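Reminder, nothing fancy here: chain letters follow the sequence lines and each chain counts from 1. Values in this document were obtained by computation on a predicted structure and should not be read as measured data.
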Amino acid sequence: MDGEYRSVREVQSSEFDGREAFVRGWIHRTRSSNKYVFIVLRDSTGIIQCVGSREDIPDLFDIAKELLVESSVRLKGKVKKDDRAPGGYELHMTGIEVVHAAERFPITKDQSEEFLRDNKHLWIRSRRMNAILKVRSTVTGAIHSFFRERGYHEFTPPIFTPNACEGGSTLFEVKYYDSTIFLTQSWQLYAEAAIFSLERIYDVSPTFRAERSKTSRHLSEFWMAEMEAAWIGYLDAVRIAQDEVKHILGRVLNENMEDLELLGAEPERLRKSLDVEWPVITYTEALDILKEKCNMDVEWGKDLRTIEEERLMENFSTPVTVIQYPKEVMAFYKPVEEGADAPGPVAKCFDMLAPGGYGEIIGGSERDMDIGSLKAALEREGESVENYDWYLDLRRYGSVQHSGYGLGVERLIAWICKLDNIKDAIPFPRTLNRVRP
RNA sequence: GCCGCAGUAGCUCAGUUGGUCAGAGCGUACGGCUGUUAACCGUAAGGCCGUCGGUUCGAAUCCGUCCUGCGGCGCCA
């Protein structure tokens with residue numbers, strides 16, 4: 001069929017009312033009677049109802065009636081405003097070209113999450129997944145624009161790595177020629193090397209963790225958006241992190257309102273959070289809040305557990321940054337904050353927690369500059385210092401104050417889209433029990 | 001690593017104390033219906049009741065094993 005094809009979004013507007021239009025896409029729904037056939041056509045931009053009557057298109061009527069869901073078609077017709085049509089406009093078909101007649105599509109209504117995930121290669125066509133993936137694209141695009149506008153350079157770390165970073169037990173082993181190495185858990189060690197060249201860097205890249213976590217907040221393969229910068233302390237990094245997340249929210253609210261509405265994501269909740277200051281509290285203050293408002297007694301020095309984070313966040317409607325966790329429970333590279341008002345030594349570190357039970361979306365810290373205390377911390381954790389020889393070199397040649405953090409892209413998307421499960425925030429989730437499709 | 005839940009038609013699920021319990025809806029095929037909103041009405045096809053074993057005259061149902069998936073904790077983003 002000859003003609004200039006328009007997106008469904010374009011055609012769903014007063015601009016095309018009364019005019020002929022060509023559209024192409026996939027059949028989303030069909031309904032028919034003896035006299036009328038209704039085809040709801042889907043393309044990447046939306047859906048439009050297309051109608052034909054036996055009287056008007058006798059040659060095409062039976063063809064239209066036989067089409068199964070997800071068949072690909074090109075359609076020609078006249079656009080007419082009609083309140084009965086979803087979206088307000090419908091196409092009165094005058095031409096139908098069947099590009100490919102689909103077999104019976106396995107996904108219908110009333111699907112279990114398990115079945116949908118088994119068929120994610122097909123479920124990805126759904127309006128819901130379409131909306132989530134559009135938000136995801138905006139989120140990663142916004143991360144790039146945020147840092148680039150501020151003079152950061154994108155820096156790409158290796159994915160194969162010989163080193164652990166966050167503890168050896170959660171690494172995926174990979175056969176590498178005649179030896180065994182690991183998939184990266186964090187770009188951090190390499191980022192710390194790179195800031196001596198580029199000073200301010202960021203990335204968005206995949207991360208692999210073999211944690212045996214079977215929760216709605218964990219993936220074995222997820223994407224982290226990280227930053228690392230020289231000459232800044234961890235409180236500077238907190239400010240940047242808050243600005244980054246606000247920047248992302250702003251972009252999504254700007255570009256994905258329809259998607260958020262379709263997902264039932266209550267975008268107003270996000271917009272409100274942009275107008276207010278986001279709290280920064282210390283770990284010690286968090287314990288006070290838990291004790292006073294949640295009736296939870298946490299012993300100082302214990303890391304906050306999931307239930308405690310959830311209960312703490314019930315007191316807030318915006319993300320909250322918790323700083324200065326006990327040094328004891330933190331990774332070796334996080335330095336001590338001297339002179340903090342706390343019962344024990346605390347680290348120059350922070351976590352940003354999202355409201356609504358979405359958990360930690362960002363973790364970050366200042367990095368220890370001193371080779372002596374780094375070595376001591378590694379030994380305390382039972383690591384072999386030799387494995388970190390090149391990392392320790394970074395403290396031998398012009399060591400400077402620097403800080404960085406990592407943002408969990410899927411957790412942020414889950415919060416923005418109000419998803420029940422993080423597995424829907426990534427196109428093809430990898431978990432403890434799923435690597436297909 | 002610990003604790004829990006679930007596997008019956010392509011899909012979502014019923015199935016009582018073990019004894020017409022092989023069932024419904026959706027989807028599909030065929031037919032009907034003058035505008036439907038994942039319409040409606042009729043007919044039909046479609047099942048090793050996850051696996052292996054046990055108890056029993058008799059097992060979808062009770063017991064055990066294994067497999068698969070899901071969720072919670074811990075840990076993390």
Is the centre of the A:Trp278 ring less than 6.0 Å from the centre of the A:Phe316 ring?
-> no
Any N/O pairs under 3.5 Å between the protein and nucleotides 44-46 of chain B? List them or say none.
none

Where does B:rC48 fall, syn or anti, if syn means a chi angle no more than 90° from 0?
-> syn
Would you indicate whether the side-chain heavy atoms of A:Ile143 and A:Glu244 approach each other to under 4.5 Å?
-> yes
Send over the distance from A:Lys302 NZ to B:rC76 P, rounded to a whole Å.
-> 13 Å
Would you indicate what A:Arg54 reaches in the nucleic acid, counting non-hydrogen atoms under 4.0 angstrom: base, sugar-phosphate, or nothing?
-> nothing
Starting at the 5' end of nucleotides 29-39 of chain B, put B wherever the base has a protein heavy atom under 4.0 Å, S where only the sugar-phosphate does, and a dash everywhere else.
-> S---BSBBBBB
Which is true for A:Ser53 with a 4.0 Å heavy-atom rule: it touches a base, it touches only sugar-phosphate, or it touches nothing?
-> nothing
More than 12 heavy atoms from other groups under 6.0 Å of CD on A:Glu328 = no
A:Phe16 six-ring face occupied by A:Arg19 cation (under 6.0 Å, within 45°) | yes
May I ask you to decide if A:Pro86's main-chain N or O and A:Gln12's side chain share a donor-acceptor pair within less than 3.5 Å?
-> yes
Please determine if A:Arg9 and A:Glu15 form a salt bridge, counting it only when a charged side-chain N lies under 4.0 Å from a carboxylate O.
-> no
A:Arg150 NZ/CZ over A:Phe146 ring centroid, <6.0 Å and within 45° of normal | yes
Could you pull out the protein-nucleic contacts involving nucleotides 65-71 of chain B (nitrogen or oxygen on both sides, under 3.5 Å)?
{"from": "B:rG69", "atom 1": "OP1", "to": "A:Asn433", "atom 2": "O", "distance (Å)": "2.6"}
{"from": "B:rG69", "atom 1": "O2'", "to": "A:Glu114", "atom 2": "OE1", "distance (Å)": "3.0"}
{"from": "B:rG69", "atom 1": "O2'", "to": "A:Glu114", "atom 2": "OE2", "distance (Å)": "3.4"}
{"from": "B:rC70", "atom 1": "OP1", "to": "A:Arg434", "atom 2": "NE", "distance (Å)": "3.3"}
{"from": "B:rG71", "atom 1": "OP1", "to": "A:Asn421", "atom 2": "ND2", "distance (Å)": "2.3"}
{"from": "B:rG71", "atom 1": "OP1", "to": "A:Lys423", "atom 2": "NZ", "distance (Å)": "3.2"}
{"from": "B:rG71", "atom 1": "OP2", "to": "A:Lys423", "atom 2": "NZ", "distance (Å)": "2.8"}

If the P atom of B:rA29 is compared with that of B:rU65, how far apart are they to the nearest Å?
-> 45 Å
Which one, B:rC11, B:rG74, B:rA77, comes nearest to the side chain of A:Ile422?
-> B:rA77
Using the closest heavy atom to pick a nucleotide of RNA chain B for each, name whichever of A:His218 or A:Phe105 lands nearer the 5' end.
-> A:Phe105
Expressed as a whole number of Å, how far does the P atom of B:rC33 sit from that of B:rC41?
-> 16 Å
Distance, C1' atom - from B:rU43 to B:rU55, rounded to whole angstrom | 44 Å
Would you please indicate if the ring centroids of A:Tyr388 and A:Phe332 are separated by under 6.0 Å?
-> yes
Test: A:Lys348 cationic atom under 6.0 Å from A:Tyr234 six-membered ring centre, within 45° of axis | no
Is any side-chain N of the basic residue among A:Arg367 and A:Glu228 closer than 4.0 Å to the acidic one's carboxylate O?
-> yes
Write down the distance separating the C1' atoms in B:rA60 and B:rC21, rounded off to the nearest Å.
-> 8 Å
Should A:Ile323 and A:Ile281 count as side-chain neighbours, where that means a heavy-atom distance under 4.5 Å?
-> no
